[in-house]
Amino acid sequence: MTSSETQGPLSMLDRPNSYIGKVVPRPNLDRLMQGRGLYVSDLELPRMAHVVFVRSPHAHAKIVAIDASAAKQMPGVIAVVTGEGLASVITPWVGVLSHLKGLKSAPQSAIAIGRVCWQGEAVAAVVATSRAAAEDAAEIVSVGYEELEAVTDMRTALDSATPVIHPSLGDNLAFERTLDVGAVDAAFAGSEEIVEAEFVFGRHTGVTLEPRAVVADWNAAEARLTIYQGTQAPHMVQNIAALHLGLEESQVRVVCKDVGGSFGIKVHIYADEMATYALAKLLRRPIKFVADRIESFNTDIHARDHRCKGRIGVLRDGTITAFEIDDLTGIGPYSMYPRTSAIEANQVVNLVGGPYRTKNYRARARVVFQNKNVMCQYRAVGHPIACSVTEGLVDLAAAKIGMDPFDIRRRNLIADDAYPCASASGLRFELLSHHVALNKLMAMMNYDALRGEQAALRERNIHRGIGIASFIEVTNPSAAFYGVGGAKISSQDGVAVRLDAQGSVVCQTSITEQGQGSESLTAQIVGSVLGVSMSRVRVILGDTDHTPYGGGTWASRGAGIGGEAALQAAKILRKNILDVAAAILQSSRAELDIADNAVVNASDGAPRIELRELARIVYFRPDTLPPGIQPELMATRHFVPREYPFAFTNGVQASWLEVDTDTGFVKLLKHWVVEDCGTLINPQLVDEQIRGGVVQGLGAALFEKCIYDERGQLTNANMADYLVPMSGEMPDIDVGHVVSPTAESELGAKGAGEAGTAGAAAAVANAVNDALGPFGAVITEIPLTPQLILTALKRF
Amino acid sequence: MKASAFSYARATSVSNAIELLVAHGERAKVLAGGQSLMPAMNLRLLAPEWIVDIGGLGELRGISVNAGRVAIGALTRHADLLKSVDVAAHAPLLTEATAHIAHPAIRNRGTIGGSLAHADPASELPACMVALDATIIVRGTAGERRIPAKEFFTGVYDTALSAAELLVAVELPAAARNSAHFFGEFARRHGDYAIVGLAAQAMVEGDRLNELRAVFFGVSDRPQPTKATAGLVNAAVTPASLSQALEALGEELDPPEDQQANGAMRRHLARVLLARCVAKLLDRSESGGGGRS
Amino acid sequence: MTAPLPILLRVNGERVEARVLPRLNLADFLREHLKLTGTHVGCEHGVCGACTVRLDGEIVRSCLTLAAQAHGAFVETIEGLSDSGEIADLQDAFRKRNALQCGFCTPGMLIAAQDLLKHEKEPGRGQIREHLSGNYCRCTGYQAIVDAVEETARVRRERKP
């Protein structure tokens, strides 16, 4: 336990009327349900203009000439600006981090200069009084291109015959990482069975329902830029906008209001958004950019475009001897800024085999440039790949030796009493619960009954399958993730709490809200620690002018890090309140507590003075206080994980589905998740994060794929052709929990936002292969489309 | 995206609508429900100079049954088709098919006339019209034309309608006493366009099909009636004759390839649908009829 | 070529007179002219359902409807349905069940759900899923929404057996 000022027998988590661990409705939902939220796409400012980008239709081309003369004459047009025009206002960037050794990338401009490198890259900005007018003008901007050969197949990106996208970099290899631990060759040599497979993943994207939207407002008189953006990391945006616009950070304010979905899509720095900031400065008026859906498909980061060869060695008694992978991923022409497009592959190397005891592991991951849209972190970053490969190999090994999938996992998952320990790849685990979780899952799904049902239905030519997937999940990252590489991305967060003049609480936090419940968890913690009802706790977030400095919400860190900061700040405020109360009541802090919005006797809970009254005295009648006392009704605390680079969580998922072997269609019947994310602040919100995450994983498993043709054209950039999960095809998802708190914080909470996505596709793929077992068909590619399944079944 | 600018005229009558179409020709598009036109315009795939809004033409709405024929006005919305007691009684194939069209909000606006004039080869209603032996009624300056459904659909988004003609109604024979129908489609998600679909209308007596009009959609550039079922009509259906029909179907079809399925898979799915269709039609007969399938 | 048109309609019971360009769609009219930003735009091709409103009592995609087509019509948005109290119980169920996260799909989802509940007193879960299958949600994974709609149906049946 961290040193704390624990008073009495109860910890901060067990206070009277504590909200921690309770299901409470999120505050401020009415606003959203009445359609009275304020999303950036709703925002209007005086003299605001709209920007539309002229985008390259070619995957790779020289920009020969841009003629905007006719466009500039169109009604409502304020300006047409090219890359050169913007270059005087905003500097280019390179998406590399020093701790990813060898990662290289080329400078990227806000608007392309001289050359476009992916279909959809902006070549000019049209600013007009309305979006429609800007689109009309954009249509007649005449751009002369000289098409260049496009690199569109990751498998040949490194061939000598393939053009190098950035000659100054020498080749198309952005990053390579290798790892070789234990004695892999000896392990394989000593294996009784070896299974190999190539796992192929469909490139996909986030499809946030509110597209990316920015309003940039440069106030020339104040020399201050206000950026309204649904970013997950406002301080990061502040730093980068200032850096590239030649401003001090104090001249940049980033405001996040309601965000219509992010999942990592809105945590990155986009060229068109940087262009929008620059245009505001150039044109000295607010500029609004809202990507339309087609633009979103073409320019929101893509993710998970991997081909991963995997190999597993096993003994007949089920012992896994070794894992080996060779992963290839094709990103875009630039490594994304500032988090880099190498992190996903790096995670894959780190995470394969993670749940298991196996010490022999060899991995190679290569990240190659392509003339396709940029690629970067999207919910669960790398985990779905690593989990699908690992769990797919484990199931293949089990099938090879005729062992039940639960049994092989029992034999190989790290024992629950083995902690602290490390994975083969060097990940340090504080405390996980793979076996307890596995057993809980088996009970929840009534595994034996399902196997019985499966067998009975097979007799009637109905093919159902069960698939399970164990996983570990990175949460609460320390500076080990980005900071060490030179990125100005904070790994700490802060919370300031104060009592207002009526004894209610105002709380400012540096974590941000995209719907997961950051506001609620903060209010729950502060209310619990302070003894104040949640209805009297107001949370302010998403404003660099009005919150402490912090990292924001991403990589499942909000609850674990921001929550701990809230807890610690509230503890200090509680002490300060009791100090004043003790002075007023001529008592001592040890004899008092705060409950139900009043200072009470610690012994019998009798109210002594209401917070409302205490606040009145402090703020307006300090003359009535004993001499010498300087009351302080505000406290700020920051928190950063120091001991473990990441707080790993663990879980296991199961999928129960039916494959129509006539049509290849998969019906998802049910899904289960058992998750251990430490202390649960609001169990309902955690479960809902898991469900939402699972469905994104189910989308990856069955539906989602960005389909590029060989010319680098994204051919399904609309909602009718890019298939996202809708309610009709999704199953109910049962969620159970194991609780292994982290000792790094008093709260003990780890993250939970991405766990659902990490393992869902793996469970579904294993279930489909289980269903197809009698046919001898094995598929290691997702999305598992009907065509893929029918092809594997050789039905035509 | 925002639609390109256009001029807008609200037609006050059918003849006024035709006048407007004559005046503007290829530069005009008819706006009925807008559920196909508006997405195309919002994506700037289409940029007509004129929009002729026929939404106010009440005379084009309504469903009536007379002397064994069902008449449906062109502006009848899908939602109204779905709810119609007359359609359920006299053309139950339409009721079943319409439930597959998109989603409730789309069905509340989309019209049968619009759907047929749009002639998307993956859509449900054109194939139903052919299966039901419907007549498409269009009106132009030269007066009214009555076009058999099987001649109306001429290609992808292509019909026998000329630029200055308006589709005003469809007529189809009311389902006879021994008739049966089958509707099936395979779509990736509920409400999506079909990968392959089948609309079939039959006459069933005992364990025999006296008549079978099986029309596929999603397999060609227009609804595709199949001749492969010839061997299944007026004869006992045996596993051998069914197998022959399925093989003949495979040979008859030359489906396109797209992101959902290649030609071979579409052929396969068509065979699956036909087999299910025959089984359903005969099952109903074997159970002694009664009730809708 | 594209002169503004006069339109007259009722929005949430309020009489609205406006002059609109023919190409202006109803979603943009509501959001930009009337500042009723509760109706959201997610795709502009009629697939995501975020723009769902009621027009003459029926749910429609406002991104696929021209403002001009709403002339003479009675339009209801999420703001109106909220203020009238018509969906108060449904919103209550959404709150209790956390059937919304980011809230962007929620107005359209509530309107579509209310449409189902008006026509179906005892919808099964499959039926709820089917009716809502034209409303995209990326956050919840749908189960909480289905639960909330099912619960509201139950509450309404109890109130008015």
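From a predicted model like this one, the values you see are computed outputs, not experimental measurements. By convention in this document, chain letters (A, B, ...) are assigned in the order of the sequence lines, proteins followed by strands, and residues within each chain are numbered from 1.
Contact of the C:Gln143 side chain with the A:Glu688 side chain is not registered, since no non-hydrogen atoms from C-beta on lie closer than 4.5 Å. In this structure, C:Phe94 and A:Leu29 have side chains that are not in contact, with every pair of non-hydrogen atoms separated by 4.5 Å or more. Between A:Pro725 and C:Arg138 there is a side-chain heavy-atom pair separated by less than 4.5 Å. The side-chain heavy atoms of A:Met719 and C:His45, taken from C-beta on, include a pair separated by under 4.5 Å.
Here the closest non-hydrogen pair linking C:Phe104 and A:Tyr39 is N-OH, 3.3 Å. Contact detail for C:Cys139 and A:Phe263: the closest heavy-atom pair is SG-CZ, 3.6 Å. Residues C:Leu100 and A:Arg26 approach most closely at O-NH1, 2.7 Å, considering heavy atoms. The two residues A:Gln34 and C:Ser82 make their nearest non-hydrogen contact at CA-OG, 3.3 Å. The two residues C:Arg97 and A:Arg691 make their nearest non-hydrogen contact at NH2-NH1, 3.6 Å. When all heavy atoms of C:Pro107 and A:Gly35 are compared, the closest pair comes out as CG-CA, 4.2 Å.
Using a 4.0 Å cut-off between charged nitrogen and carboxylate oxygen, A:Arg131 and C:Asp28 do not count as a salt-bridge pair.
With a 4.5 Å cut-off on non-hydrogen atoms, A:Gln689 touches chain C through its backbone and its side chain both. At a 4.5 Å heavy-atom cutoff, the contact between C:Thr37 and chain A is made by backbone and side-chain atoms alike. For A:Asp30, the part sitting under 4.5 Å from any heavy atom of chain C is the side chain, from C-beta outward, and nothing else. Proximity to chain C (any heavy atom under 4.5 Å) is shown, for A:Ile690, by neither the backbone nor the side chain. For A:Gln514, the part lying near chain C is the backbone, with the side chain staying farther off; criterion is any non-hydrogen pair under 4.5 Å. At a 4.5 Å heavy-atom cutoff, C:Asp147 makes no contact with chain A through either its backbone or its side chain. The contact between C:Glu44 and chain A is made entirely by side chain atoms (from C-beta outward), counting heavy-atom distances below 4.5 Å. Interface residue A:Asp42: backbone and side-chain heavy atoms are both found under 4.5 Å from chain C. Contacts between C:Val146 and chain A at a heavy-atom distance below 4.5 Å are absent for every atom of the residue. Contacts between A:Val207 and chain C at a heavy-atom distance below 4.5 Å involve backbone atoms as well as side-chain atoms. Contact annotation for C:Leu132: both backbone and side-chain heavy atoms come within less than 4.5 Å of a heavy atom of chain A.
By the neighbour-count criterion of 12 heavy atoms within 6.0 Å, atom NZ of A:Lys667 is sparsely surrounded, having that number or fewer from other residues, nucleotides or ligands. Environment of NZ in A:Lys257: sparse, with no more than 12 heavy atoms of neighbouring residues, nucleotides or ligands closer than 6.0 Å. Residue-environment remark: CZ (C:Arg19) exceeds the threshold of 12 foreign heavy atoms within 6.0 Å.
When the candidates C:Glu79, C:Arg129, C:Glu32 are compared by the number of heavy-atom contacts under 4.5 Å with chain A, C:Arg129 comes out ahead. Of the listed residues (C:Arg31, C:Lys96, C:Glu130), the one with the most heavy-atom contacts under 4.5 Å to chain A is C:Arg31. Ranked by heavy-atom pairs under 4.5 Å with chain C, the list A:Ala720, A:Gly37, A:Pro211, A:Ser41 is led by A:Ser41. With chain C as partner, the option from A:Pro25, A:Ser262, A:Ala132 having the largest number of non-hydrogen pairs under 4.5 angstrom is A:Ala132. In terms of heavy-atom pairs under 4.5 angstrom with chain C, the leader among A:Val290, A:Val23, A:Leu38, A:Asn718 is A:Asn718. Counting heavy-atom pairs under 4.5 Å between each of C:Leu21, C:Leu81, C:Asn135, C:Asp83 and chain A puts C:Asp83 at the top. Counting heavy-atom pairs closer than 4.5 Å to chain A, the top residue among C:Asn98, C:Thr77, C:Val47 is C:Asn98. With respect to chain C, the highest number of heavy-atom pairs below 4.5 Å among A:Met33, A:Arg31, A:Arg293, A:Met730 belongs to A:Met33.
One distance of note links NE2 of C:His40 with CG of A:Leu209; it measures 9.0 Å at 0.5 Å rounding. With rounding to the nearest 0.5 Å, the separation of CD in C:Gln101 from CD in A:Glu513 is 9.5 Å. Taken from OG in C:Ser133 to CD in A:Glu729, the straight-line distance is 7.0 Å, to the nearest 0.5 Å. Rounding to the nearest 0.5 Å gives a distance of 11.0 Å between CZ of C:Arg95 and CG of A:Asn28. In this structure, OG1 in A:Thr208 is found 7.5 Å from OH in C:Tyr136, a value given to the nearest 0.5 Å.
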